[in-house]
Structure formats: C-alpha cells, structure tokens
Amino acid sequence: MVEVQTPKQIVEKLDQYVIGQDDAKRAVAVALYNRYRRMQLSPKMQEEITPENLLMIGPTGVGKTEIARRLAKIVDAPFVKVEATKFTEVGYVGRDVESMVRDLAETAVAMEEEKQFKKVRVRAEKEANKRLVKILVPAIRKEKNSNPMAEMMNMLQGMQNGKAPAADDADAGGEVTDDIRNKRLSVAEQLEKGLLEDREITVAVNDEKKGGGMSDMYGQMGIDLSDTIGALMPKKKVERTMTVKEAREIFIKEESDKLVNHADIYHDAIQSAENNGIIFIDEIDKIAAGDKHTSGEVSREGVQRDILPIVEGSQINTKYGPINTDHILFIGSGAFAEAKPSDLIAELQGRFPIRVELKDLTEEDFVRILTEPDNALIKQYIALIGADGVKITFTKEAVNRIAEIATQVNHDTDNIGARRLATILEKLLEDVLYEGPDMAMGSVTVTQQYVDDKIGHIAADTNMTRYIL
C-alpha cells in the first residue's frame, strides 16, 4: 500500500524533477489528493464525485509531460501517455480511441503482477534453483526405441486427464543415480553461496515472440485470442545460452507465474485502473479544428466526439474485463499555438474544467534545470563521460553561459523549451564524447571561454543556429 501524500508533499516530490510551473504542480497535486478524499466517503457519495480533469496549456519543452509522468510514479498509479494525433474517427484506418483504456489496463495488470510476484519470490526462487540444479547436473538419458505416435497419444491422454506436458522437467525420461544426487547436493550448496553465477548454461525458455495481424485486430475489440490458442497448444520453447544468474531470473518469473492467482491479479488491476488510473492525452490541440477548413478537419472533430464518451464515463471492454472510465483522471495537454482551447467542441471543453497555463522557461529556469534536479542534464553528462575514466567539471560561469545561449536560440528560432539544452550540450561536448575513450583518465574543465569557443559563434549566427542548434 502506497503511503498517502498531501498536496504539499506531492509538489515537493515534483520539485525534485521539474523546475518552475508551480501553478501546474499545485493543480495536479490537488486533483490527485481529491481521489484520496473521495475514497473516505460513503460508497453512494463516491459514485457521485468524478475527477476534475485538467487541461495543460503551454509550449513544447516546458514540463507538461514530465509533470504527469512523475506524478504517476510518485503515487504508484497506472499511467499511459497517448498522442491524440494517432487516433482516427470510427470508420477510418488507424487506432480507435478506446485503445487508450486498453493500454491502461495492460499497465495496471503489469503493475499488479509485479506486486504479486514480489510476494511469492522466495518460493519461486527455491523452485528456480531446483531447476538450475537439474540442468547443471543432468540425469542419465535412457536409451529407448522412440515411438512418436505412441508418445503423442500418451501426451494427449495426459492432457485430457488434466496433466500438463512435462516439458520443463529436466529429469523426464532420465535416470537419477545416487552419484548424481550427491553431485546435485554439492551444486545446490554452491548455488546458495553464489559461486556459480557466471557459469554459462543452455536452457529452454518460452518463445516470447508476439503474433500480429489478426490478433491485433481482435485486441482492438478487447478480445484476446492468444490465451485461447495458448490453452490448446503447448508453449513453444527456444534454447538460449546464458549465465546462471540470468537463467535464475527467467525461471523465477516462470515459477512466480505458476504461484499467483491470475484472476485476483486481473480483478485488482481493473479496480486500480478505474480508481487510480491516469490517462495523459498529449497534442490534444492538434485535433482542434482552429481556423482551418480542409477535408481533414471532419475527421479531427470526429476524434473529439469519439474521445468524449470515454472522458465523460463509459464502459470499455478489455481482455481482462470491462473498465468503467468514470473515475479515471484525464490530463489533456497541448501548445495551443495555432488553435485555442475554445476551438475544441464545447462538450469536450466542459470535461476539462481545470485549465493550467505553463509559462515559458527563463534563463534562470535553465540554470536550475541544468543543475538542480536529481536527473539534471549536466549530472547525466558527467556520469556518461566518467564511464570512460574522464573527469569533466563545469564552472558556474559556463552553466550560466549555456543557459543564456539556450534562451537566446529559443527566442531567435523555434522555442522548444528545455529540450534546447540537450541540443546545445551535445554540440558543446561533441569532441569530448568522441575522444573520451582514447583520453585515458584525462580531465576536462568546461569554462565560459570553452563554451564561447565551441558554440558561441554558432549561437550568434541565426542562419547556422537554425540547422545546428
């Protein structure tokens, strides 16, 4: 159970990753905490209270997606990000809007599965080690006259009686002598002590290749044929060579899968998706008609009308069961440079009552983005270049100059927000990144002069900036 966090605590966590945009952080924190408030009420009142969906408005690169993504991680909620432009109106070729809810169901099931797997990991690890011992010390194969037809008939008869084929049993059809048993005891001890982790073995694992085409078409309707076909056909196995450590993790996953109750997982996942799920619809401004009147605009409005019932609250069929979207939190996002929120159809506007405008990033914001967050860009490059044994340091003046250039280039060309910092740093450190593996424990100090020498002339030339930065 995730600890309940107050709006202030949520904002404090967001501050570790996203610089500025205090209004947006407060709005999403309150929207999230309102879910906890709702769960404290009577079941009758819970049904009446629906989430207040948000519409984030702001240019690219200012933190809209990052706020939503980090928010989901903070509260451990099922989260999916979809692009509104990928959807098409019913009757057109492309993804239908209901697929966003099916994607949310997949995410929720994966999260719930991971939680249940953790609970049975100790038991699963014991079973995995038993399988490893049998592979490391195999049984003596018996010589026999094989009769494929008889073997198939025996297997089918066993399946009719409820017995699964013993494909995973390494001892099937072999003899285990006293000498082999003693060796296995010795190997089991070595496994417990971690002495065999790097030994390579060949194991038969499930073939994870996914079928496409027809299965995908049925999946759009919430029908999963893979489970039906899988029940009729034994799982295909492929041989792979890997270390004992890698094989153990694969076996633990397979054994965990046998130990958990999948019906409970699907039920809990559906509940989690319905009550805690977050769907982030990016580029929602691109499906607004705006002032353009071309043949494609009819389809855009059609997509809006298809999204409307999902945001309003409807029941969507998934392969894990029906999901009610009444209490899923929807966050719309868009730059709204060419269109306005009022260009969306009135009904859809009404379903996003909370409007938050994210501000353009300033030079001071860029300095903070480069240095303060846990995953700050400069920290990332120091770690990357450090992997070659090269120590790189940035002076305060250099960081200020990088932020100044980023602000200038965004102003003179397209404003792509904080993403501009990545393009500038990549160009600035181009030589170090290229020569780093051959520098052999060198060190580099990035000063203001270094920045000016490498990219100062590019930033000053508007024509060159357009193509390089």
Side-chain angles (χ1 to χ4, degrees), residues 1-59 61-82 104 107-108 111 115 271-282 284 311-313 324-334 336 341 349-362 364-365 368-369 372-376 417-418:
M1 181 71 182
V2 179
E3 184 183 351
V4 176
Q5 299 180 71
T6 65
K8 278 188 178 180
Q9 290 172 329
I10 293 170
V11 170
E12 284 172 9
K13 289 280 182 69
L14 287 173
D15 284 340
Q16 296 174 19
Y17 302 99
V18 183
I19 297 298
Q21 314 302 357
D22 295 334
D23 291 344
K25 290 175 188 172
R26 285 168 65 99
V28 296
V30 169
L32 210 66
Y33 191 74
N34 279 344
R35 292 174 148 198
Y36 169 73
R37 289 186 172 116
R38 171 180 162 265
M39 298 307 288
Q40 310 311 306
L41 306 176
S42 66
K44 185 177 179 181
M45 184 63 77
Q46 283 183 33
E47 288 300 314
E48 296 298 320
I49 296 175
T50 55
E52 300 296 335
N53 299 320
L54 294 97
L55 187 62
M56 290 189 187
I57 304 164
V62 296
K64 301 187 296 294
T65 306
E66 190 67 10
I67 287 173
R69 185 180 287 119
R70 293 293 175 183
L71 189 73
K73 286 185 179 178
I74 288 168
V75 297
D76 197 26
F79 171 84
V80 292
K81 174 184 177 288
V82 297
L104 186 71
T107 302
M111 289 175 67
K115 289 178 190 174
Q271 293 289 314
S272 178
E274 287 183 340
N275 294 303
N276 304 315
I278 301 172
I279 295 181
F280 183 80
I281 308 175
D282 204 4
I284 199 168
V311 180
E312 283 182 332
N324 192 301
T325 66
D326 281 337
H327 302 290
I328 292 173
L329 178 65
F330 291 88
I331 302 177
S333 165
F336 287 97
Q349 288 182 55
R351 286 296 165 180
F352 289 91
I354 301 177
R355 309 281 173 86
V356 183
E357 190 164 350
L358 285 82
K359 305 175 182 69
D360 285 342
L361 296 169
T362 64
E364 290 75 19
D365 289 332
R368 294 180 62 201
I369 289 168
E372 288 185 16
D374 292 351
N375 61 336

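Taking all atoms of both residues into account, the shortest heavy-atom contact from P78 to T107 is CA-CG2, 4.3 Å. Pairing each heavy atom of L54 with each of A27, the nearest pair is CD2-CB, 3.6 Å.
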Got a list of side-chain donor-acceptor pairs under 3.5 Å for residues 271-282, not counting sequence neighbours?
| from | atom 1 | to | atom 2 | distance (Å) |
| --- | --- | --- | --- | --- |
| E274 | OE2 | N324 | N | 2.7 |
| N275 | ND2 | Q271 | O | 3.1 |
| D282 | OD1 | S333 | OG | 3.2 |

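Listed by first and then second residue, the salt bridge (Lys or Arg N to Asp or Glu O under 4.0 Å) pairs involving residues 9-21 are D15-K25 (not counting sequence neighbours). Applying the side chain to side chain donor-acceptor pair (under 3.5 Å) test to residues at least two apart or on different chains, the pairs with a partner in residues 31-47 are N34-R37, R38-H327.
For R69, the salt bridge (Lys or Arg N to Asp or Glu O under 4.0 Å) partners are E66, not counting sequence neighbours. In terms of the salt bridge (Lys or Arg N to Asp or Glu O under 4.0 Å) criterion, residue partners of D23 (sequence neighbours excluded) are, by chain and number, K359. For D326, the salt bridge (Lys or Arg N to Asp or Glu O under 4.0 Å) test picks out no residue, with sequence neighbours left out.
Atoms CG and CD1, on L32 and I10 in that order, are 4.5 Å from each other to the nearest 0.5 Å. Separating the CD1 atom in I331 from the CE atom in M56 is a distance of 5.0 Å, to the nearest 0.5 Å. Taken from CD1 in I57 to CD1 in I284, the straight-line distance is 10.5 Å, to the nearest 0.5 Å. Put simply, CZ on F79 and CG on L71 are 8.5 Å apart, with the number rounded to the nearest 0.5 Å.
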Derivation and outcome, side chain to side chain contact (heavy atoms under 4.5 Å, CB included), residues Q21 and L14: CA-CA 10 Å; Q21 314 302 357; L14 287 173; over 6 Å; no
D365 vs D360, side chain to side chain contact (heavy atoms under 4.5 Å, CB included): CA-CA, chis, key distance, verdict: CA-CA 9 Å; D365 289 332; D360 285 342; over 6 Å; no
Test side chain to side chain contact (heavy atoms under 4.5 Å, CB included) applied to L104 and T325, step by step: CA-CA 11 Å; L104 186 71; T325 66; over 6 Å; no
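Listed for the K64 side chain is no donor-acceptor partner under 3.5 Å among the backbone atoms of G332.
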